[in-house]
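Chain A is the first sequence line, chain B the second, and so forth, proteins listed ahead of strands; every chain is numbered from 1.
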Protein chains: 2
Amino acid sequence: MQKREITINCTLCDHLKDSLFNGLQPEDLARINNHKTCIQYKKGQNIFYEGTRPTGLFCINGGKVKVFKNNVQGREFIFYLAKPGDFLGYRALLSEELYGATATVIEDAKICFIQKENFFEVLQRNPVFMKRVVKQVCLQMGIMEERMAELAHKSVRERLAGTLLMLKESYGMEGGESVLLDIALSREDWASLIGTATETVIRLLSDFKADELISFEGKKIRVLDAKGLAKQADLILA
Amino acid sequence: MQKREITINCTLCDHLKDSLFNGLQPEDLARINNHKTCIQYKKGQNIFYEGTRPTGLFCINGGKVKVFKNNVQGREFIFYLAKPGDFLGYRALLSEELYGATATVIEDAKICFIQKENFFEVLQRNPVFMKRVVKQVCLQMGIMEERMAELAHKSVRERLAGTLLMLKESYGMEGGESVLLDIALSREDWASLIGTATETVIRLLSDFKADELISFEGKKIRVLDAKGLAKQADLILA
DNA sequence: GGTAAAACATGACTTTTGTCAGCCTTTAAC
DNA sequence: GTTAAAGGCTGACAAAAGTCATGTTTTACC
């Protein structure tokens, strides 16, 4: 399993339009584009490791990545799931700390790496871009607060239902009534995502399936009854 | 209980040296200083409310504040405890969202308010200050990630012990062997801070007291045996 | 295509934590 | 100072979730 270098052009990137880099001055984008390296990763490969020093920023062009932390007993908690267009590793880069989490590919991926010097230079001479980055970080932080409050006070069942609905927003593929979640997570990943044991996830997913709230399609899940899940998640129905 | 306006001079502020505003150009600091308003709050008063629009930034000159969110069942989760020198409300301000949490005074406080126009102006024309703000936000986010992982996988007992040690760092007053936590939290606040029920906190604090890890001094707690608490928190002992 | 490993599933049991009820103590208000 | 309210405490019990053991299915690899 070795890394394979590939060529990707930012200006032609499908994900540019909804990325942080959208609207960048052509010369700034060119600077980023000309100095980056892009690598093809296979499922299971790591992009960066907790405890190591960041040397740049990652931008996902294809595939899916999980960002997680291992606790003392080796149990994993997933902070983020990232998909094409998302950036990785900017938190530790901007706080000038070591990585606080590990990033692992969960679906074969193409990822560009932007050295920190280039990123910081564009950041420095472009206050509008800087403001966008700050806004992005603060938005992300708001999401974390929300999730933390749920972790503190909601049951595992509620959290699982809520997470299914959340993934429906980010990874849902419309298909009439039901929505297929276009992300292949193992039961163990689900457990790491909602903060529980694998067995508990298995039992609850079976419950949801028995109640016809979801169905399984290979390693992916189809949401059949979003309203029913919202009830399970104890959300106020609009 | 009405708010009382007072006068505070930033340039003479005890907390300037360890604040985000330290090292600001004199004219920038003057701008902040001349346009702020300072108010004296009593315990129990609110500084801002979840769901309302931020109009500026708060800076604590004296007293203590909790920042929390209420869930549907009215249960509260405390995101931050803030003390003199700390800033409040910048997250929602920078992400241009409504406040995601409520801030309430827990010990009588003096708090300065900086209108967003002035804050943004200083931010805009001072890239070094901007970088400091970004770094601060990202550091805070790292702390949140850490806490979230603990919430996901540690027991209430471990979290309580860990929180006692954390507060020892931020609010500890040295006194020989033992350390007094200089913050008066109700049992309910402790429960909101670690994400559990009040009764559970009461029982565990009694346990810790019986094991002579802590003692009670009025509404405050004295840490008698930090190493013992670290063992309870399941931390690796250095 | 066969085999080992990983992932998935289920049952039995234990532990942790939440809930409810009741009571005592301190604080705040009239 | 009396009274109400809030906060603190304890016990009994129930519910939720974790753990362990075991078996089955799927996947990956030689």
Distance check: side-chain N/O of [X] vs OP1/OP2 of [N], anything under 4.0 Å?
| X | N | result |
| --- | --- | --- |
| Thr200(A) | dA16(D) | no |
| Arg75(B) | dT19(C) | yes |
| Ser206(B) | dT10(D) | yes |

Return the value, rounded to whole Å, for the distance between atom [atom1] of [X] and atom [atom2] of [N].
| X | N | atom1 | atom2 | result |
| --- | --- | --- | --- | --- |
| Leu204(B) | dT15(C) | CG | P | 17 Å |
| Ile106(A) | dT27(D) | CD1 | P | 17 Å |
| Ile202(A) | dA17(D) | CD1 | P | 16 Å |
| His153(B) | dT17(C) | NE2 | P | 15 Å |
| Lys42(A) | dA28(D) | NZ | P | 11 Å |
| Ile194(A) | dA17(D) | CD1 | C1' | 11 Å |
| Lys154(A) | dA17(D) | NZ | P | 13 Å |
| Phe216(A) | dT25(D) | CZ | P | 16 Å |

Okay, side chain of [X], backbone of [Y]: is any donor-acceptor separation there less than 3.5 Å?
| X | Y | answer |
| --- | --- | --- |
| His15(B) | Asp86(B) | no |
| Arg187(B) | Ile202(B) | no |
| Lys36(A) | Ile8(A) | yes |
| Glu212(B) | Leu224(B) | no |
| Arg159(B) | Lys154(B) | yes |

Between Phe68(A) and Phe77(A), is the ring centre distance below 6.0 Å?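 Aromatic pair excluded; centres sit 6.0 Å or further apart.
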Is Lys43(B) salt-bridged to Asp108(B), going by a charged N under 4.0 Å from an acidic O?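 Salt bridge flag = no for Asp108(B) with Lys43(B).
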Kindly confirm or rule out a cation-pi arrangement of Arg91(B) over Phe48(B), judged by NZ or CZ under 6.0 Å from the six-membered ring centre and within 45° of its axis?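 Arg91(B) over Phe48(B) ring: no.
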Between Arg147(B) and Tyr80(B), is NZ or CZ placed under 6.0 angstrom from the six-membered ring centre and within 45° of the ring axis?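 Judged by the rule, Arg147(B) and Tyr80(B) form no cation-pi pair.
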In terms of side-chain heavy atoms of Arg187(A), which of dT17(C), dG18(D), dA9(C) is nearest?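 So the nucleotide nearest the side chain must be dA9(C).
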From the options dG18(C), dT16(C), dG7(D), select the nucleotide whose nearest atom is closest to the side chain of Ala197(B).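 Side chain of Ala197(B) sits closest to dG18(C).
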Which is more 5' along DNA chain C, the nucleotide nearest Glu188(A) or the one nearest Ala152(A)? Just name the residue.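 Looking at the nearest nucleotide for each, Glu188(A) comes out on the 5' side.
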Is there a donor and acceptor pair closer than 3.5 Å between the side chain of Arg203(A) and the base of dG11(C)?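 A donor-acceptor contact between them is present.
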I'd like to compare against my own output: the B/S/- annotation of nucleotides 21-27 of chain C with a strict under-4.0 Å heavy-atom distance to protein. -------
For the student: nearest non-hydrogen atoms of Gly62(A) and Pro84(A), plus distance: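 Looking at all heavy atoms of both residues, the shortest contact is CA-CG, 3.7 Å.
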Which residue lies more 5' along DNA chain D, comparing Ser186(B) with Arg157(A) via nearest heavy atoms: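 Its nearest nucleotide being more 5', the pick is Ser186(B).
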How would you label the contact of Thr198(A) with the nucleic acid (heavy atoms, under 4.0 Å): base, sugar-phosphate, or nothing?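 The residue Thr198(A) makes no contact with any strand.
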Give Arg159(A) one of three labels, base, sugar-phosphate or nothing, depending on what nucleic acid heavy atoms sit under 4.0 Å from its own.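 Nothing, no nucleic acid heavy atom in range.
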If you fit an axis to the five pairs at each end of the helix from dG1(C)-dC30(D) to dC30(C)-dG1(D), how big is the angle between those two axes, to 10 degrees?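 End-to-end axis angle for the helix from dG1(C)-dC30(D) to dC30(C)-dG1(D): 60°, rounded to 10°.
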